[in-house]
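Notes follow once the structure below has been shown.
Keep in mind that the numbers below use all heavy atoms, side chains included, and drop hydrogens, waters and symmetry copies. So you know, we letter chains A, B, ... as the sequences are listed, proteins then strands, and number each from 1. Quick caveat: nothing in here was measured; it's all calculated off a predicted structure.
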There are 2 protein chains.
Amino acid sequence: MRVDLAPARESRQTVQSRALLTFLAQADRCLTAQEIHAQLHRQGSGIALATVYRWLTRLVRSGAVDVLMHDDGEATYVRGSDRHHHHLVCRSCGRVTEISEPMVERWTVEVATRAGFADVSHALTVFGTCSACRGSGPS
Amino acid sequence: MRVDLAPARESRQTVQSRALLTFLAQADRCLTAQEIHAQLHRQGSGIALATVYRWLTRLVRSGAVDVLMHDDGEATYVRGSDRHHHHLVCRSCGRVTEISEPMVERWTVEVATRAGFADVSHALTVFGTCSACRGSGPS
DNA sequence: GTAAGTGCAAACGGTTTGCAGCCTC
DNA sequence: GAGGCTGCAAACCGTTTGCACTTAC
């Protein structure tokens with residue numbers, strides 16, 4: 001499930017950018033900028049947090065990466081996919097699953113249009129407790 | 001369309017809290033904490049920003065007010081209602097319309113359950129440009 | 001009188017930016 | 001060699017918090 005993350009056609013390749021892009025291409029879940037930074041450090045790529053942010057900003061602008069704003073105001077980043085999708089997030093472990101359903105897409109556009117709105121977009125996130133977390137401790 | 005914003009049964013009434021609650025009860029659109037603070041000052045109620053935040057936090061916890069996280073990480077607040085609903089927000093003027101649709105409710109629960117999730121909840125916000133804003137300047 | 005509510009200012013945490021130096025092309 | 005990329009640290013900005021004071025009950 002490799003996705004071409006290099007919209008950086010006109011960007012210079014550096015040790016840092018290569019490490020970051022490679023890492024992001026392989027990541028399979030939502031990560032905050034700080035997590036990405038920490039992970040890269042853990043695997044030996046000494047990239048500065050500011051650089052991570054600079055690249056994420058650039059990648060988001062180019063559409064290669066999607067941002068997900070969390071309730072606490074922290075942003076998480078995921079490889080962007082061409083198709084629109086939503087996230088199913090476990091309240092306990094934070095694991096994210098992508099979900100998608102054309103019906104919701106159609107419904108939101110329809111409702112918004114009926115209300116006189118144009119240029120419609122939407123953000124939907126579903127929260128719950130995954131089976132693993134429930135099994136280990138429903139508290 | 002007045003909504004009882006006083007979940008503060010067990011709270012003391014003060015000049016500030018009364019001004020804030022009255023203002024919120026009349027507000028018909030999403031407002032940031034800072035906007036609420038500025039508006040209150042404009043109308044002569046010298047309330048501190050920290051107090052605005054403290055009340056908003058309390059009201060959100062009690063369910064009297066809904067939070068809406070924006071892409072830039074800023075939170076906006078609107079009167080909440082008892083029944084579950086979603087928001088249709090104008091990107092330009094910030095006006096908020098409540099929308100609700102059982103189908104979406106059912107779908108999210110179904111998808112989440114199928115994925116092994118329990119105790120499901122969801123957050124859906126639809127963004128668009130309302131007719132008024134479009135008419136005045138589609139840019 | 002007592003404790004909740006308030007104001008102020010400092011702290012916080014995530015993100016952005018200015019600038020000097022490095023390194024790719 | 002020139003200019004993009006990076007690192008560092010300081011700045012930013014919305015939000016939270018500690019503490020002393022005020023005020024509703």
Side-chain angles (χ1 to χ4, degrees), chain A residues 5-24 30-62 64-78 94, chain B residues 5-24 29-62 64-78 89 94:
Chain A
L5 256 182
R9 299 277 171 232
E10 58 307 324
S11 307
R12 287 189 183 172
Q13 285 209 358
T14 63
V15 190
Q16 294 88 342
S17 70
R18 221 167 309 137
L20 179 65
L21 292 173
T22 305
F23 177 75
L24 281 179
C30 274
L31 293 162
T32 64
Q34 323 250 357
E35 282 171 341
I36 293 169
H37 176 241
Q39 289 281 6
L40 284 172
H41 265 261
R42 204 163 303 142
Q43 66 182 49
S45 308
I47 188 174
L49 184 55
T51 305
V52 173
Y53 275 111
R54 277 192 271 243
W55 272 98
L56 287 174
T57 306
R58 175 189 292 207
L59 291 170
V60 167
R61 196 154 38 216
S62 79
V65 162
D66 285 344
V67 210
L68 232 146
M69 194 49 86
H70 281 227
D71 288 352
D72 59 359
E74 215 175 355
T76 54
Y77 303 84
V78 232
Chain B
L5 255 183
R9 298 278 169 231
E10 60 304 327
S11 307
R12 288 187 184 171
Q13 284 208 0
T14 62
V15 190
Q16 295 86 344
S17 70
R18 219 166 310 134
L20 179 64
L21 293 173
T22 305
F23 176 76
L24 281 180
R29 57 181 220 83
C30 273
L31 292 162
T32 64
Q34 324 250 358
E35 282 172 340
I36 294 169
H37 175 243
Q39 290 281 6
L40 284 173
H41 265 260
R42 205 163 302 144
Q43 66 182 50
S45 308
I47 188 175
L49 185 54
T51 303
V52 173
Y53 275 111
R54 278 192 271 243
W55 271 98
L56 287 173
T57 306
R58 174 189 293 208
L59 292 171
V60 167
R61 197 153 38 217
S62 79
V65 161
D66 286 343
V67 210
L68 240 142
M69 194 49 88
H70 281 227
D71 289 352
D72 59 0
E74 215 175 354
T76 55
Y77 303 83
V78 232
V89 186

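Separating the CZ atom of A/Arg58 from the C1' atom of D/dT6 is a distance of 12 Å, rounded to the nearest angstrom. Between B/Arg18 atom CZ and C/dT6 atom P there is a gap of 10 Å when expressed in whole angstrom units. Rounded to whole Å, atom P of C/dT16 lies 9 Å from atom CG of A/Leu56. Atoms CE (B/Met69) and P (D/dG14) sit 13 Å apart, rounded to a whole Å. Rounded to whole angstrom, the span from the CG atom of A/Leu49 across to the P atom of C/dT16 amounts to 10 Å. Here the P atom of nucleotide D/dC12 and the CG atom of B/Asp72 are 18 Å apart, to the nearest Å. At whole-Å resolution of the value, CD in A/Glu74 and C1' in D/dG14 are 14 Å apart. What separates CG of A/Leu59 from P of D/dC5 is a distance of 12 Å, to the nearest Å.
Under the 3.5 Å distance criterion, with hydrogens and angles disregarded, a donor-acceptor pair is assigned to the side chains of A/Arg58 and A/Ser11. In this model, no donor atom of one side chain and acceptor atom of the other lie less than 3.5 Å apart for A/Glu35 and A/Tyr77.
One finds no side-chain N or O of B/Thr14 lying less than 4.0 angstrom from the OP1 or OP2 phosphate oxygen of D/dA24. When the side-chain nitrogen and oxygen atoms of B/Arg12 are compared with OP1 and OP2 of C/dT6, none of them lie within a distance under 4.0 Å. Between A/Thr51 and D/dC5 there is no side-chain N or O to OP1 or OP2 distance below 4.0 Å. The phosphate of D/dT6 has OP1 or OP2 within less than 4.0 Å of a side-chain N or O from A/Trp55. Under 4.0 angstrom from either OP1 or OP2 of C/dC23 there lies no side-chain N or O belonging to A/Gln16. Side-chain nitrogen and oxygen atoms of A/Ser11 include none within less than 4.0 Å of the OP1 or OP2 phosphate oxygen of D/dG4.
The only member of B/Thr51, B/Thr14, B/Leu40, B/Val15 that meets side chain to side chain contact (heavy atoms under 4.5 Å, CB included) when paired with B/Leu20 is B/Leu40.
Map A/Ile47 and B/Gly73 each onto its nearest nucleotide of DNA chain D; the residue landing nearer the 5' end is A/Ile47. Of the residues near DNA chain D, B/Thr57 and A/Val52, the one whose nearest nucleotide (by heavy atom distance) lies more toward the 5' end is A/Val52.
A/His70 meets the ring-ring contact (aromatic ring centres under 6.0 Å, His included) test with no other residue; sequence neighbours excluded.
Ranking D/dC19, D/dG7, C/dG5 by closeness to the A/Arg54 side chain, first place goes to D/dG7.
Interatomic distance, A/Cys30 SG to A/Asp66 CG, rounded to the nearest 0.5 Å: 9.0 Å.
Looking at heavy-atom distances under 4.0 Å, B/Thr32 makes no contact with the nucleic acid at all.
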